[in-house]
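For reference, the structure is listed below as structure tokens.
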Amino acid sequence: MERFGKGHHLHLIDGSGFIFRAYHALPPLTRKSDGLPIGAVAGFCNMVYKMVEDAKGADAPTHVAVVFDHSARTFRNALYPAYKAQRPEPPEDLRPQFPLIREATRAFNLACVELEGYEADDIIATYACQAAEAGGHVTIISSDKDLMQLVRPGIEMFDIMKNRRIGRDEVFEKFGVYPEHVIEVQALAGDSVDNIPGAPGIGIKTAAQLIADYGDLDTLLARASEVKQPKRRETLINFADQIRVSRDLVTLRCDTPVEEPLETLEVREPDPETLLGFLDRMEFRTLTARVAAKLGVAAPVAEAATAPGAGAAPRAEASQGPARPEFPPLDPARHEVIRDAAALEAWVARIADRDTVAIGVKMDGPDEMLADLVGISLATGPGERAYLPLGHMSGPADLLSGETRVPGQMPLDDALALLRPVLEDPAILKIGHDMKADTKILLRHGVAVAPIEDTMLLSYALFAGLHGHGLDLLAEKYLGHAVIPRKSLMGGRGPKTFGEVVIEAAAPFAAEEAEVAWRLRATLRPRLPFAKVTRVYETLERPLVPVLAEMEAHGIRVDRGQLSRLSGDFAQRMAGLEDEIHRLAGGRFNIGSPKQLGEVLFDQMSLPGGKRGKTGAYGTGADILEELAAQGHDLPARVLDWRQISKLKSTYTDSLQAAINPRTGRVHTSYLIAGANTGRLASTDPNLQNIPVRTEEGRRIREAFVAEKGQQLLSLDYSQIELRILAHIADIPALKEAFREGLDIHAMTASEMFGVPIEGMPSHIRRQAKAINFGVIYGISAFGLANNLRIPRDVAKKFIDTYFERFPGIREYMDATVAFAKANGHVETLFGRRIHTPEINAKGPHAGFAQRAAINAPIQGTAADIIRRAMIRVPAAIAGLPAKMLLTVHDELLFEVEAGAVEETAAAVRAVMEAATMPVLALDVPLVVEAGSGANWAAAH
DNA sequence: TTCTTCACG
DNA sequence: GACGTACGTGAAGAAT
């Protein structure tokens, strides 16, 4: 190989810089067949092609290297920790393009250079210096101003997007100094983008002037006291050290330990098969054809996309959604069990190389706040999966020693120490199914997993209303793969928890889960843009995970003594009621049994109104018992009392005591992000979204939810949010006006409908109007309203007709929404969330349900979107305040705040909540938030 | 496991 | 003309 020197011409391409420029300059292009984002890849390939084509003749490069940043952290972080620290993460749809661009580079048979701990700029500097010293000529393909310090005889830059050469004069234009002083100007001026501090108040203009006046930076700093302007003089003296650090930061290193000598960068002809194969895979049709023509080879057949095994997907389908990416079938036997540090280190290296990893954390129980970590599964691609057992226990060896740890497992702390760097690396994406659970348990072990991708939430954004979002179901549906059933490992007479499962059985199960998640992500992620739910997933689903994880982990304090006293109180009253009920019935029976109660009421006592349901049992719901009680029957009235107390005792005062976490002394609910089809959250284990509030008895339970000593509970809730959204969506002038003027909306409705003045409105009239307003949100029907208000159905019908007359627009909204659902199979919220309505075209009684659900979903769903947006913004808004967000109840957020900071927190959160639709959407009505605080939850309302 | 009832927004 | 209904949830206890 000829030694690099005179007559040679080296092109150094700033690959990383180009990626970002191409990404932002070009429209977001995606691959036709599966929606994979490839805009930056396309821009890169066209650029390389153009470069190779244009630079023929005397000026043609003899050597080329494409240089990339290896990772976010470099030696400069050791010099100055804040360096580039506030850089935003690369956009989600750019991330997958990094490896593709490296692949493109290799496909063009160009040297692809990167080095851990160094920036692309340092590698470029090193090669440029070496080449220039050897007597060659260098062109740096970049427009990055940080590289301009390298310009000198033999080294110039070229901005390929603007087709402009950058030489000595162009550098002077930019910095006001020639290249040899660029570093000094940068050191003084600093750079907010890279977090280079520089000298406060001195920009490029002033810096250039100072350097021109004093010759160079060291002289300037030495003679700073001579500077005339007092402010500037002070700055230069006080910030001299900071300026010197800045100079170190901006100075590019020419001694980077590059591995490839210059000679190996020699231009080589690309291998036609490799290059055309790559371009074709990216589906760049024009470029593929051009390159094929150039190389004198036939272009690959375009039909290659319809490969065998794809189920012969017709072309027409390709425009509706991406095809399933093709991977070899999941081989059930292929997994590794990681048992020592060396094996785990190899996995960590592979994960760092791949940029993405699917993980699955296994626990020895269902409660992340209580369970111990049993193992972690990992997958980096098809056939690349492993299980890391950490806490598997053998059964009780004997009654005295209890359980023992199975040998052949790494110590937990050692394993987490090795995994932490990749789990916390902002450049490595962690894929998982229901990552909130994994996040929580890892957080308990001090590992803050980020960033994350969640296949459950991908499914939720794409398919809400169509089917469930469990991993098993999705694997079956979208991968055609039946996973190992959990039941085959646990349950029955077998192991009770995952920790008791033998590693040999646990490993294939756990590793499979990780690989399934990895494959699901590859299949589902590209569908987002086709379903137009990328923004839903990115702004309403994914960012909520860490917010909820923290709330759940924090929990809320409940007063066990208060609950215990209530339980005792309720038990006594139930006993009294039982005696009385049995006396009235003339015999003992199980009051809690609807079947026995029905028989007592309607067979023994022959009370009227006995209606049998579809299972043949009498209905004994509260409405029926109330009807009987109103007729003067005592027994049903006492049963109603008994039921209320019984409900409160079993569901609340007893269960909540059991829900107190012994480790934290608090109650930790768990929110289902993908539980409700409309976008609402659901709360489970325990459900803290249905704590009683409507009755006096119930409020005593709410009083048991308390703040810690010295703190207060602060509650903020949206006032009438769903009616406000209805007013906006259905565009009802009268409603919008009323909300803008802050009127009592139900009184206003009553006034409009019945012609009664708002002043001195009788409460029963207002109550009826309120029921109608709610009914509208629910997809009103005469039957439902009649039932709710206990009025004849024809009267209810009249009410509804009047309502539609008074508020034209409601009817249109309802009809249009149902029509949209019928045509599209889904409805949408104002933020683009899709709720599927598969039953909308059904015949029979199902149709009514589906239609009302379709009418309600955009309203309920938009409200859910709004509070999600608020919750995601809350942490930043209250950062620094002694306040924690504890709970969310559909339109309410509950906080625990140090007593002195209640007002400030309330103001900050209210601002976030009231502006939560912005900047995406400006509602026609104001959002109003009401706040309250107190020592307990009842008092905060 | 399914049904009924009832707590919440 | 009759279906049988208000929308969205989760938990407990009885019935199957």
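Only this structure's heavy atoms are used, side chains among them; waters, hydrogens and symmetry mates stay out. Below, chains carry the letters A, B, ... as their sequence lines are ordered, and counting in each starts from 1.
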Aromatic contact between [X] and [Y], with the criterion being ring centroids under 6.0 Å apart: yes or no?
{"X": "A:H826", "Y": "A:F820", "result": "yes"}
{"X": "A:F807", "Y": "A:Y803", "result": "yes"}
{"X": "A:H582", "Y": "A:F589", "result": "yes"}

I'd like the [atom1] distance from [M] over to [N], given in whole Å.
{"N": "B:dA7", "M": "C:dC3", "atom1": "C1'", "value": "30 Å"}
{"N": "B:dC6", "M": "C:dA2", "atom1": "P", "value": "30 Å"}
{"N": "B:dC8", "M": "C:dG4", "atom1": "P", "value": "30 Å"}

[X] [atom1] to [N] [atom2]: how many Å, rounded?
{"X": "A:L723", "N": "B:dG9", "atom1": "CG", "atom2": "C1'", "value": "13 Å"}
{"X": "A:I721", "N": "C:dG8", "atom1": "CD1", "atom2": "P", "value": "18 Å"}
{"X": "A:Q768", "N": "C:dA6", "atom1": "CD", "atom2": "P", "value": "19 Å"}
{"X": "A:I840", "N": "C:dC7", "atom1": "CD1", "atom2": "C1'", "value": "13 Å"}
{"X": "A:L648", "N": "C:dA12", "atom1": "CG", "atom2": "P", "value": "13 Å"}
{"X": "A:E626", "N": "B:dC6", "atom1": "CD", "atom2": "C1'", "value": "12 Å"}
{"X": "A:Y671", "N": "C:dT9", "atom1": "OH", "atom2": "P", "value": "17 Å"}
{"X": "A:R612", "N": "B:dC3", "atom1": "CZ", "atom2": "C1'", "value": "16 Å"}

Salt-bridge present ([X], [Y]; N to O < 4.0 Å):
{"X": "A:D472", "Y": "A:R486", "result": "no"}
{"X": "A:E541", "Y": "A:R868", "result": "yes"}
{"X": "A:K884", "Y": "A:E896", "result": "no"}
{"X": "A:D801", "Y": "A:K797", "result": "yes"}
{"X": "A:K736", "Y": "A:D731", "result": "yes"}

Under 4.0 angstrom, heavy atoms only, what part of the nucleic acid is [X] near: base, sugar-phosphate, or nothing?
{"X": "A:N788", "result": "base"}
{"X": "A:I859", "result": "nothing"}
{"X": "A:G698", "result": "nothing"}
{"X": "A:N677", "result": "sugar-phosphate"}
{"X": "A:R643", "result": "sugar-phosphate"}
{"X": "A:I777", "result": "nothing"}
{"X": "A:A622", "result": "sugar-phosphate"}
{"X": "A:A771", "result": "base"}
{"X": "A:I855", "result": "nothing"}
{"X": "A:N690", "result": "base"}
{"X": "A:G779", "result": "nothing"}

Select one nucleotide: of [options], the one nearest the side-chain heavy atoms of [X].
{"X": "A:L785", "options": "C:dA12, C:dA6, C:dA15", "result": "C:dA6"}
{"X": "A:Y778", "options": "C:dG8, C:dC7, B:dT5", "result": "C:dC7"}
{"X": "A:R702", "options": "B:dC8, B:dA7, C:dG8", "result": "B:dC8"}
{"X": "A:K647", "options": "B:dC6, C:dA15, C:dA6", "result": "B:dC6"}

Can you give me the N/O atom pairs linking the protein to nucleotides 2-5 of chain C at distances under 3.5 Å, or say none if there are none?
residue, atom, partner, partner atom, Å
C:dT5, O2, A:R852, NH1, 2.8

Relative to A:Y813, does A:R811 satisfy both conditions: NZ or CZ under 6.0 angstrom from the six-membered ring centre, and within 45 degrees of the ring's axis?
->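 No.
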Is there a side-chain contact between [X] and the phosphate of [N], meaning an N or O under 4.0 Å from OP1 or OP2?
{"X": "A:N590", "N": "C:dA14", "result": "yes"}
{"X": "A:R694", "N": "B:dC8", "result": "yes"}
{"X": "A:S646", "N": "C:dG13", "result": "no"}
{"X": "A:T615", "N": "B:dT4", "result": "yes"}

What's the spacing between A:R833 CZ and A:T678 OG1 if we round to 0.5 Å?
->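 Taking CZ in A:R833 and OG1 in A:T678, the distance rounds to 8.0 Å.
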Should C:dA12 form a Watson-Crick or G-U wobble pair with both distances under 3.5 Å, which nucleotide is its partner?
->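 The base-pairing partner of C:dA12, which may sit in any strand shown, is B:dT4.
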